[in-house]
Amino acid sequence: MSSLNRLMDRTDRLLFNYMEYNFRAIEKKWQARWVETKAYQVSNNSPKPKCYVLDMFPYPSGAGLHVGHPLGYISSDIYARYKRLKGFNVLHPMGWDAFGLPAEQYALETGQHPAVTTANNLASFRRQLDNIGFSFDWEREVRTSDPGYYKWTQWIFLQLFDSWFNRSLQKAERISTLITIFEQSGNAAHECPGDRYIRFTAEEWKQFSEVRQREILMHYRLAYLAFAEVNWCAALGTVLANDEVINGVSERGGFPVVKKKMRQWFLRITEYANRLLEGLETVSFSDAMKEMQRNWIGKSQGAEITFQIDGIENAGVTVYTTRPDTIFGVDFMVLAPEHDLVSLITTPDKKEDVEKYLDYVQSRSERERMAEVKQITGCFTGAYVLNPFNGQRIPVWISEYVLAGYGTGAIMAVPCGDQRDFNFAKHFDIHITNIIGDAFNGEEANATKDATLQNSDFLNGMNMREAMDVVIDKVEALGIGKRQINYKMRDSGFSRQRYWGEPFPIVYKDGTPYPLDEKELPLTLPHVENYKPGEEGEGPLANITDWVNVDAHTRRETNTMPGYAGSSWYFLRYADPKNTEVFADRAATDYWNQVDVYVGGTEHAVGHLLYSRMWTKALYDLGYIGFQEPYKKLINQGMIGGSSRMVYRVRGTNTYVSHGLKDQYETDELHTDVNIVDGLELDIEAFKNWRPANKDAEFILEDGKYICGVVLEKMSKGKYNTVNPDDVVEKFGADTFRMYEMFLGPVEQSKPWDTKGIEGVHRFLKKLWRLFADEQKGIIVNNDAATPEELKVLHKTIQKIDADTENFSYNTAVSQFMICVNELSSLKCNKRSVLEAVLVLLAPYAPHIAEELWHQLGNTTSILDAPYPVFDEKYTKESAFTYPIAVNGKTRTELSFPLDADNAAIEKEVLENEAVQKWIDGKPVKKIVIVKGRMINLVV
RNA sequence: GCGGGUGUGGUGAAAUUGGUAGACACGCCAGACUUAGGAUCUGGUGCUUCACGGCAUGUAGGUUCGAGUCCUAUCACCCGCACCA
């Protein structure tokens, strides 16, 4: 007999002898047994319908889990277990987003290899998760830092590198198809997304050198190399994505970020902008989430119009506008300071001013520009353009409020219709043309689209909305512009000057990039001695010269991929995690298909979700998978906030005064550890031992207690308000912990953690236990037939739990369990037929206690696969209803009537009722409203 | 500024989608059992009033026999985006 079995036997004996709810023994026992029986192993072959329930996999940080983290995992676990009971083959995997900055930062500080710290962190996360009793199929665990995994991240990157986006078909295709097109007809039909001015014929294409050809192809690839201004963060020694920069400083650490030109890998996600937008219609994400993504994509419709430059033949300024209807209201034009035309058009007399202004712009960091949005700056170039319709001369200015990266980097300014243009015109005293008559008051711009146009030549008298199309048609007819859709979204930077990430499977032969052959994958991350950046901001890999220099002409790429590389496709790998031939077998991804429910935080709204949606679409276009949206339904769990406990130290002393008396003293408010406070009452002994400085602390008490103050804020170590799930599980058990997290409120909502409230849930489980077992008598369940009353309680519960679980309304489900147990307790119901059904309902929420009692009742198979109780209306149907009787909308009394009673009989009896008579008070009854099964209202 | 969301007891929250507001818990109060209670059980607990009653879902209006729920305005807080032409 194994020692494990001996341990379990002993546990069984202990349980049998005392028959109290010994959650520690129960949970340990069943967790071990579930592992032993591989209870959570999932097969890719099953006659059952599939259900894929996924959590956003965690980055295993050194800090470990706090009670906020498992909220989403518990929700998805309940759902997964529920679906399994309902007859689905459920995939519910877990893995690790194991590459990332913090491990490397830690390595820089301590010299410990990120692989080592990551493995350690991961092990402690795993232990913490196991404590809570999740039904993850750990056989399918993935780690993004595992070469067996990132081999396929690199492989997908190569597919993106070898693809372009065919705009006319709106899908990705192989680069080889593009080459064929070029050879036959040049690029006339396929505008170059990387540089719209590149145009060539088939003949020209054939004349280009290989290097030139590869340069051009690079402008089409979905994964491409480009020189671009990137967000360079000197302090972190790396480049950051736009969404990693908040208000000009790094999201992590808050370090300054400046623009720097570097050769970088990018993903051409902008080509997918429209499909990413349209795809949102097919998935069930919250409105807020969809709106955030729409916002990020930022689609706008308008036109590009070229204005001829006055005095320079065949040269024009092309602007992008969403309001072509306002073309007669253009009073000036503004170019971005970085615009190519600036040096060409600046007149000699303005040259000095313009250069001074450009110096000024250059000197300002991104951060300053962000911070001083309201400040109006600009400079006149001395040049004029001509309004294409009436030839009016329009002065051309430059200003930093126009962004080089959006549209054409130039705008036509309409001060009467745009507030920024208006402010600019006022500031520089530029004449303002009013094209909307009374709708413009001269005090502020009016951005209306509904006014009638005036001062607008052939548009006069026309509604603005109508005029938009009229102008665009005319612009197109004149050949001076075209209809144009723009997106705010930029292509995403895909290079990091870092060590702890996926190496790029790319080599440079005399500077020209070539992909590695698939057979050479994975390109494993070499060992490094130090994690300091290479020169010129290159990553640490640049320092390993014999790895970098393959031969005299061949150099490896030294950047690594960003965190979102591995997380963009991990949900596919779970379908077939051990495959060494492909990233996942097509039959497996066809079977598991889309993630049915994806649970995670809102913080990944734009980054992770958009990237993984794009990768999925690209893999779909290339024929590797059969669906193009990864996540069918998304649940965003709310954050669990900290509830800090405050103590009040009398200033200049070591005396602490209780909350209720603090106003009588001059005090400093200090955080104390929430774990040494019971509700609001401070454990004074624990407080004295908490920190050496507290050893001799004195206390001013109220009613013999020290009462703490409460502040709700983010859970963080520094505020001493973090609660470790390990401690909660140790004290109350995993089942209590799981149910309490759900009981706190709706999953999507943010709420503070308060350990005190957990006792209610714990009491509930103990009360449940007592329905089955008595401390002295042991199991007290009998086989008597259930009464109608008991069946009513049961079926009400089945109905509610079933609906609530399906809808992720777990807080009300927990309430219903409590109501059910309360009612069965007062009915003294210890009947197997009722209690067994309750256990199955409860199993997704509190799996350990449910399994234990299930076996105590003599069942020999696991409750994980028990038949789910079926709701039957006949047990809950009432024959009579107690109606609230209201007079003029105010409830005055109650009367019971059979549900099939006819209205006339009800009216008669109601009117005869004494209490009703009193409230009618002799006034004439105008109307009697009777809503069957709801209420009765008398109008007097 | 734009977009999304939330406002209900001392606290976390319910409310079958227009039908008895505050379920279920925490906390608090009283009691029972107990050597003890931070165990367990029972009862009470929105505010106000001696009581009958009155007042209560951020605020002000409206629709309706009836509004936490629908409409209009307004305030507060939270989240996201933010010179995007």
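Remember, predicted model here, so these are calculated numbers, not experimental data. Throughout, protein chains are lettered first and strands after them, A, B, ... in sequence-line order, and every chain is numbered starting at 1.
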**Asked** Are A:Lys290 and A:Glu281 ion-paired here, with the side-chain N under 4.0 Å from a carboxylate O?
**Response** no

**Message:** Under a plain distance cut-off of 3.5 Å, with no hydrogens placed, do A:Gln419 and A:Asn423 share a side-chain donor-acceptor pair?
**Reply:** yes

**Asked** Looking at the side chain of A:Arg420, which of B:A85, B:G4, B:A25 is the nearest nucleotide?
**Response** B:A85

**Item:** Nearest-Å distance for atom pair CG/P, residues A:Asn295 and B:C79
**Value:** 17 Å

**Item:** A:Thr876 and A:Gln799 side chains, donor-acceptor separation under 3.5 Å
**Value:** no

**Message:** What does the 5'-to-3' dot-bracket notation of RNA chain B look like when only Watson-Crick and G-U wobble pairs under 3.5 Å count, and pairs to other strands show as |?
**Reply:** (((((((..(((......[....)))((((((.......))))))(((....)))..(((((..]....))))))))))))....

**Request:** Pick base, sugar-phosphate or nothing for A:Gln749, based on heavy-atom distances below 4.0 Å to the nucleic acid.
**Result:** sugar-phosphate

**Reported CD1-to-CD distance for the pair A:Ile74 and A:Gln637, which is rounded to 0.5 angstrom** = 10.5 Å

**Item:** Test item: side-chain donor near acceptor, A:Asn822 and A:Lys767, under 3.5 Å
**Value:** yes

**Message:** Under 4.0 Å, counting only non-hydrogen atoms across every strand here, what does A:Asn811 touch: a base, just sugar-phosphate, or nothing?
**Reply:** sugar-phosphate

**Request:** Considering only atom P, compute the distance from B:A13 to B:U64 and round it to an integer number of Å.
**Result:** 35 Å

Could you pull out the protein-nucleic contacts involving nucleotides 31-34 of chain B (nitrogen or oxygen on both sides, under 3.5 Å)?
none

**Request:** Return the nearest nucleotide to the side chain of A:Lys731; candidates are B:G38, B:A25, B:A85.
**Result:** B:G38

**Asked** For A:Asp421 and A:Tyr401, does a side-chain donor sit closer than 3.5 Å to a side-chain acceptor?
**Response** yes

**Request:** With heavy atoms under 4.0 Å as the rule, sort A:Asn937 into base, sugar-phosphate or nothing.
**Result:** base

**Request:** Tell me which residues in residues 817-828 of chain A put a heavy atom below 4.0 Å from RNA chain B, sorted by number, or none.
**Result:** A:Met818, A:Ile819, A:Asn822

**Message:** Please report whether the ring centroid of A:Phe737 lies less than 6.0 Å from that of A:Tyr740.
**Reply:** no

**Message:** Base, sugar-phosphate or nothing for A:Lys756? Non-hydrogen atoms, less than 4.0 Å.
**Reply:** sugar-phosphate

**Message:** As a quick check of understanding, evaluate ring pair (Phe, Tyr, Trp, His ring centres under 6.0 Å) for A:Phe732 and A:Phe23, giving each step before the final call.
**Reply:** CA-CA 8 Å; A:Phe732 297 100; A:Phe23 54 84; 7.7 Å; no

**Complete:** From the candidates B:A13, B:U17, B:A85, the one with an atom nearest any side-chain atom of A:Pro746 is B:A13

**Asked** What's the closest nucleotide to the A:Leu744 side chain, out of B:C83, B:C65, B:G12?
**Response** B:G12

**Request:** Check every strand shown and say whether A:Arg763 touches a base, only sugar-phosphate, or nothing at a heavy-atom separation below 4.0 Å.
**Result:** sugar-phosphate

**Request:** Report the glycosidic orientation of B:G43: syn if within 90° of 0, anti in every other case.
**Result:** anti

**Item:** Within the 6.0 Å centroid threshold, strictly below: A:Phe881 and A:Phe897
**Value:** no

**Asked** Would you say A:Phe871 and A:Ile801 make side-chain contact, with heavy atoms under 4.5 Å?
**Response** no

**Message:** Which is more 5' along RNA chain B, the nucleotide nearest A:Glu759 or the one nearest A:Ser750? Just name the residue.
**Reply:** A:Ser750

**Fill in**
Assign each of A:Thr602 and A:Tyr883 the nucleotide of RNA chain B bearing its closest heavy atom; nearer the 5' end lies the nucleotide of A:Tyr883

**Prompt:** Just how far, in rounded Å, is P of B:A82 from NZ of A:Lys488?
**Reply:** 7 Å

